[in-house]
Structure formats: structure tokens, C-alpha cells
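Some notes on the structure that comes next.
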Amino acid sequence: MLAAVSLGNALAHRGKPRAALDVLRELGPLDGEPVLARTIETASAFFSDHDPEIRRAVYTRLRERAERSPEWISPALRALLIRYESTAGLLSAESAVRQVRRLLTMPEDPLLVPYLLGTAAAVAQWADATDDAERLVRSGLTEHWVSPLHPVHRSLLNTRVDTAAARGRHRWVLEETAGRLRMPDGSSRVGASNFLAHRVLALVECGRPAEAERLVAGVDVSEAQDGWEQNRFLYARGVLRASAGDPAGALADFLECGRRQTGRDVLSPVVTPWRSAAAECHLVLGGTPEALALAEEESRYAAVWDTPRVRGRALRVLGAATGGRRGLELTAEAVDVLRGTSLDVELIPALLTHGLQLTAAGQPRSARPLLREAATAAERLGAVRLSGRAELALRASGARRRTISLTGSGSLTAGERRVATLAADGRTNAEIAELLHLARRTVETHLTSTYRKLGIRRRTDLPEALNSGTDSAT
């Protein structure tokens with residue numbers, strides 16, 4: 001059985017998901033072996049991600065079985081249903097994470113534990129529970145020693161790079177994906193993949209678009225299997241084209257990504273926010289009504305999932321498409337939603353959009369602090385593209401950005417400053433974590449970075465260090 005699953009996994013990743021399922025069917029009926037039957041069902045669900053028709057059939061059958069015989073559905077299979085409902089826009093992040101955490105406490109057969117961990121890690125990452133996602137990935141790769149031949153192995157690696165990208169760790173993403181895009185003999189892998197998509201996105205953010213262009217040049221998505229990794233690649237290529245001044249080409253990629261995702265019943269923006277990206281292209285091209293329609297639809301799905309990442313992004317783009325006083329209110333709300341969440345990758349564009357709107361509304365003085373904050377955060381992440389946008393926005397506001405130091409109170413990110421302020425007021429790490437809805441480890445990471453930037457060693461030094469820095473008034 002394990003050999004059949006490994007063979008099926010290899011076939012699925014070579015664009016032959018139907019052949020992969022045929023291999024599992026050849027095992028025959030397993031009515032007398034419930035664990036093996038569930039394992040085959042679970043593996044089939046993983047393989048189905050490579051084909052929209054198969055995916056719909058597999059999950060339709062699985063949902064029907066869950067209603068008819070709920071006792072037959074194991075925690076791993078239940079987690080897969082939660083994952084499906086999350087991407088279909090049927091669950092909130094709070095509900096999905098609560099259910100998955102409960103499943104992780106339930107007994108499960110060793111053959112199915114890796115599937116449970118891989119699925120739970122993906123859901124946690126989508127829900128901004130990045131600490132949980134990283135812990136589950138480590139558990140799968142090190143404690144349970146999931147083999148590279150196992151279907152979950154690639155899923156865990158994908159979630160790990162998804163999490164790093166969400167945190168803005170562009171350099172780590174480039175290091176990780178470099179190895180993933182090479183064959184054992186040293187030659188380059190061909191074809192679209194999630195690793196390739198993340199490498200393209202990281203190269204764009206790090207100001208290396210020429211390298212990204214070379215990577216996408218040899219990929220023909222029209223000839224590839226219509227799987228989720230190809231959709232992710234389309235989104236990444238769209239971002240590259242938009243950054244290169246080709247909004248029409250980018251829009252075509254985003255809309256094709258959306259068409260394919262919709263065909264897979266993936267409606268929520270938790271996987272790929274194609275609507276927001278397409279809306280921004282429409283705005284550049286002068287299609288405000290089209291942009292507004294996409295932004296409103298994205299906002300509705302974001303309200304269902306209800307995490308700072310998807311809500312903040314949707315509010316930002318909706319505000320840009322709406323314009324006027326209401327647009328300012330929406331982008332201000334986007335900034336508020338994202339502040340203090342360690343989501344600088346989304347906070348920076350929100351700060352830029354709101355700052356540019358304030359400048360356009362004749363309020364450049366109000367815009368400058370926001371634009372400086374965006375520039376500082378972009379510089380800290382090594383996000384060259386966003387840093388350049390921040391510089392241009394500052395010039396548009398009538399001020400040149402001062403040279404930003406990587407030390408001192410002015411170098412703190414919004415998240416670090418919020419945590420440090422509470423710590424300076426005498427709050428414990430546990431209290432800060434509860435107040436800001438963060439993991440305690442995240443609080444500790446923020447404080448460690450803050451101590452380094454401020455040049456202090458003790459918590460008692462925070463009040464004086466925080467009050468000693470002043471921002472430029474230019």
C-alpha cells in the first residue's frame with residue numbers, strides 16, 4: 001500500500017493525477033481494512049489537488065460520506081474537509097483553527113498522522129497562526145520523519161515557504177527555493193510550481209526582476225496540468241508583469257488564475273488574492289468600475305475568513321478603488337487592522353496607499369509619517385521594490401525621506417513599537433500576547449529585535465530608550 005501511495009505521489013507531481021488514482025484503485029476493495037481504506041481516501045484527496053475535476057469529485061464524495069457515516073471520517077479526513085471549506089469561503093479562520101486544534105488532540109492512526117499535520121499546518125498558515133504552522137511543519141519533518149516520497153512531504157515544504165513569504169523573509173525564500181528548483185543531477189527543474197512562484201515573488205521584492213524574467217520565460221502554463229501550483233505561478237508572473245509596467249499582461253494572468261481557482265471551488269483569498277491584484281491593474285488601466293466590482297467581491301470573502309491579512313489587503317484595495325472620503329476611511333481602516341500583527345508585507349502597501357490618498361486629498365503633512373513608517377519597514381525587510389515606492393510617495397508628499405537607520409527608536413517596526421510600549425508600561429510577555437492576540441514567541445522575538453535596535457539589554461531600559469528618539473519633521 002505504501003509503495004502504491006509513493007508511486008501515485010510521483011505520478012501526480014508529474015502531471016498525471018488520473019494515473020495516480022488508478023494506481024490506488026488497483027489495490028482493490030479494502031472494506032475489511034478501515035485504516036488502509038482511510039489512508040487511500042486521504043492520499044486520493046492530496047493527489048486531487050492536481051486536477052480540478054478530480055478534486056471536485058473527491059471532495060463531493062468525501063463530504064457525502066461525512067454526512068452519511070461521520071464515524072468513518074478520521075481526524076485526518078476531517079481536517080481535509082476543513083481545508084476544503086476554508087478555501088471555498090465557507091468557514092472563518094477562527095472556526096477552522098479551532099476545529100483543527102481539536103482534531104490534533106484526538107487519537108489518530110500513525111499512517112494518517114502525517115496527513116493531519118500537513119493539512120493542519122496549511123490551515124494555520126492561512127489563518128495567520130504562523131507559529132503554529134511552523135511548529136506543525138517541524139513536527140512532520142523531524143519528529144515523524146515524513147519521507148520525501150510521502151505525499152505530505154512536499155505539502156510541508158510548501159507551507160514552510162508560504163509562511164516565510166508571509167513574514168517577508170525574502171532572502172530566506174531565495175535560499176530555500178534555489179535548491180528546490182534543481183534536479184538531483186544539478187540541472188534546473190522545468191514547469192510551474194509553488195517554489196518557482198515564491199522565488200519569482202521574492203526576486204521582484206528584492207529588486208531583481210531580470211532574474212525573475214529569466215525564470216518565467218521558459219514556463220508554458222497552457223501546456224501544464226491545471227493544478228494549484230500552476231495557479232500560484234500565474235499569480236507570481238502577474239506580479240512580475242505589474243512591477244515591470246505591463247498592467248494589461250498582469251491583468252490577464254490574474255484573471256486566468258482566478259478562472260482556474262474558481263473552477264476548483266477555491267473562492268476565498270486565503271490561497272491567492274487574485275481579485276485584489278486584478279483590481280489594482282484595472283485601476284492603472286482606467287477601469288474603475290471593474291476594479292470596484294472585484295474589490296467588493298474580495299472584501300465579502302475576506303469578511304468571512306476574517307483575518308488581518310485578508311481583511312487588511314481587501315480594505316486597502318477597496319479603498320483605492322472607491323476613492324474620495326470613503327476611500328480614505330477604508331485605507332485608514334486597513335492600516336489599523338494590520339498594525340501590530342507582524343504582517344509588514346501587507347502593512348507596507350496599506351501605509352503607502354493611505355499616504356498617497358492623503359497627499360492627493362491635500363494632506364501631505366498627515367501622509368509623511370505613514371510613508372516614513374512604510375519606508376522603514378520596507379528597508380528592514382530588504383523589500384527594495386516597496387522601498388522605492390515609499391521614496392516616490394514621500395517625494396509626492398513634498399518631502400524627501402531621511403536616511404533611515406537600522407538602529408534607534410526610529411528603526412522599530414509598528415509591531416515592535418507596540419510590543420515595546422506595553423513592555424515599558426510593565427506588562428509581562430504573557431499579558432502582551434493576550435492583549436495583542438499574538439503568540440508568546442512572537443512577543444519574545446519582537447522584544448529581542450527591539451533590544452538590539454535600541455542597544456539595551458534590560459526591560460527596565462525600555463522607557464528611556466523609547467523616549468530618547470525623535471523623528472525628523474521634514
- Not counting sequence neighbours, which residues clear ring-ring contact (aromatic ring centres under 6.0 Å, His included) with Y235? List them please. F254

- Message: Measuring from atom OG1 of T87 to atom CZ of R55, what distance do you get when rounded to the nearest 0.5 angstrom?
- Response: 4.5 Å

- Query: Going by atom types alone, do D162 and H198 pair a side-chain donor with an acceptor below 3.5 Å?
  - Reply: yes

- Query: Can you name the nearest heavy-atom pair linking V345 to A165, along with the distance?
  - Reply: CG2-O, 3.8 Å

- List the steps and the verdict of side-chain contact (heavy atoms from CB on, under 4.5 Å) for T42 and L116. CA-CA 10 Å; T42 307; L116 176 58; over 6 Å; no

- Item | Between Y451 and H446, ring centroids under 6.0 Å | no

- Query: Does a side-chain heavy-atom distance below 4.5 Å link V221 with N231?
  - Reply: no

- Shortest non-hydrogen contact from V204 to A212? CG2-CB, 4.4 Å

- Query: Looking at V384 and C206, what are the two nearest heavy atoms and their distance?
  - Reply: CG2-O, 3.4 Å

- Item | Contact list for residues 76-106, test ring-ring contact (aromatic ring centres under 6.0 Å, His included), sequence neighbours left out | Y59-Y84

- Interatomic distance, CG@L203 vs OG1@T177, rounded to 0.5 Å, equals 7.5 Å

- Task: Applying salt bridge (Lys or Arg N to Asp or Glu O under 4.0 Å) between D49 and each of R154, R83, R56, report the one that passes.
- Result: R83

- Query: Does A293 offer a backbone N or O that forms a donor-acceptor pair with the side chain of E296 under 3.5 Å?
  - Reply: no

- With R160 as partner, the option from E134, E176, Q125 fulfilling side chain to side chain donor-acceptor pair (under 3.5 Å) is E176

- Query: Is the side chain of E85 donor-acceptor paired with the backbone N or O of L91 at a distance under 3.5 Å, no angle test?
  - Reply: no

- How long is the span from the CG atom in L330 to the CG atom in L315, to the nearest 0.5 Å? 6.0 Å

- Taking Q230 for its side chain and G227 for its backbone only, find out whether a donor-acceptor pair lies under 3.5 Å. yes

- Show the numbers, then the answer: is there a side-chain contact (heavy atoms from CB on, under 4.5 Å) between L454 and L462? CA-CA 8 Å; L454 298 181; L462 274 172; 4.0 Å; yes

- Using the side-chain hydrogen bond (donor to acceptor under 3.5 Å, both in side chains) rule, take S342 and R167 through it: C-alpha gap first, then chi angles, then the decisive distance, then the call. CA-CA 7 Å; S342 302; R167 286 181 158 172; over 6 Å; no

- Query: From L267 CG over to D265 CG, what is the distance, rounded to the nearest 0.5 angstrom?
  - Reply: 6.5 Å

- Check the pair L36 / L111 against side-chain contact (heavy atoms from CB on, under 4.5 Å), numbers first and verdict last. CA-CA 8 Å; L36 296 184; L111 285 174; 4.0 Å; yes

- Item | salt_bridge(R259, E256) N-O dist < 4.0 Å | yes

- Greater than 12 external heavy atoms within 6.0 Å of R135's CZ: yes

- Under the 3.5 angstrom rule, does the side chain of E297 hit a backbone N or O of R275 as a donor-acceptor pair? no

- Message: Just so I know, are the side chains of W228 and T272 near enough to count as touching, which here means a heavy-atom distance under 4.5 Å?
- Response: no

- Item | CD on E373 to CG on L351, rounded to 0.5 Å | 4.5 Å

- Query: Where the side chain of T142 meets the backbone of R138, is there a donor-acceptor pair that is under 3.5 Å apart?
  - Reply: yes

- Is R18 salt-bridged to E53, going by a charged N under 4.0 Å from an acidic O? yes

- With a 4.5 Å heavy-atom cut-off, do N194 and V161 have their side chains touching? yes

- Task: Would you please say whether a donor-acceptor pair under 3.5 Å links the side chains of N429 and R459?
- Result: yes

- For the residue pair A236 and A197, what are the closest heavy atoms and their distance? CB-O, 3.5 Å

- Task: Side-chain contact test, heavy atoms from C-beta onward, threshold under 4.5 Å: evaluate it for R380 versus T376 and give yes or no.
- Result: no

- Sequence neighbours excluded, the answer for side-chain contact (heavy atoms from CB on, under 4.5 Å) partners of A321 is L283, A291, L292, A295

- Between H144 (side chain) and V146 (backbone), is there a donor-acceptor pair under 3.5 Å? no

- Item | Pair R208 + E211: basic N to acidic O under 4.0 Å | yes

- Is there side-chain contact between W305 and S92, with at least one heavy-atom pair below 4.5 Å? no

- Message: For E175, is there an ion pair with R199 - N to carboxylate O distance below 4.0 angstrom?
- Response: no

- Message: Within a 6.0 Å radius of atom CD on E94, are there more than 12 heavy atoms belonging to other residues, nucleotides or ligands?
- Response: no

- Item | Contact summary for L386 and P349, nearest pair of heavy atoms | CD2-CG, 4.4 Å

- Query: Quick one: do the S243 and R385 side chains pair a donor with an acceptor below 3.5 Å?
  - Reply: no

- Message: What I'd like to find out is whether the side chain of F233 reaches to under 4.5 Å of the side chain of C257, using heavy atoms alone.
- Response: no

- Task: Report yes or no: do E379 and S387 form a side-chain donor-acceptor pair below 3.5 Å?
- Result: no

- Walk me through it: do S69 and I73 pass the test side-chain contact (heavy atoms from CB on, under 4.5 Å)? CA-CA 7 Å; S69 306; I73 302 296; over 6 Å; no

- How long is the gap from CZ on R102 to CZ on R78, to the nearest 0.5 Å? 9.0 Å

- D132 with R101: basic N within carboxylate O range, under 4.0 Å: yes

- Any side-chain heavy-atom pair from T331 and V335 closer than 4.5 angstrom? no

- Message: What I'd like to find out is whether the side chain of S276 reaches to under 4.5 Å of the side chain of L294, using heavy atoms alone.
- Response: no

- Heavy atoms of L156 and L136 approach each other most closely as CD2-O, 4.3 Å

- Message: Treating D344 as the side-chain partner and L347 as the backbone partner, does any N or O pair qualify as donor plus acceptor under 3.5 Å?
- Response: no

- Item | NZ/NE/NH1/NH2 to OD/OE distance under 4.0 Å, E280 and R316 | yes

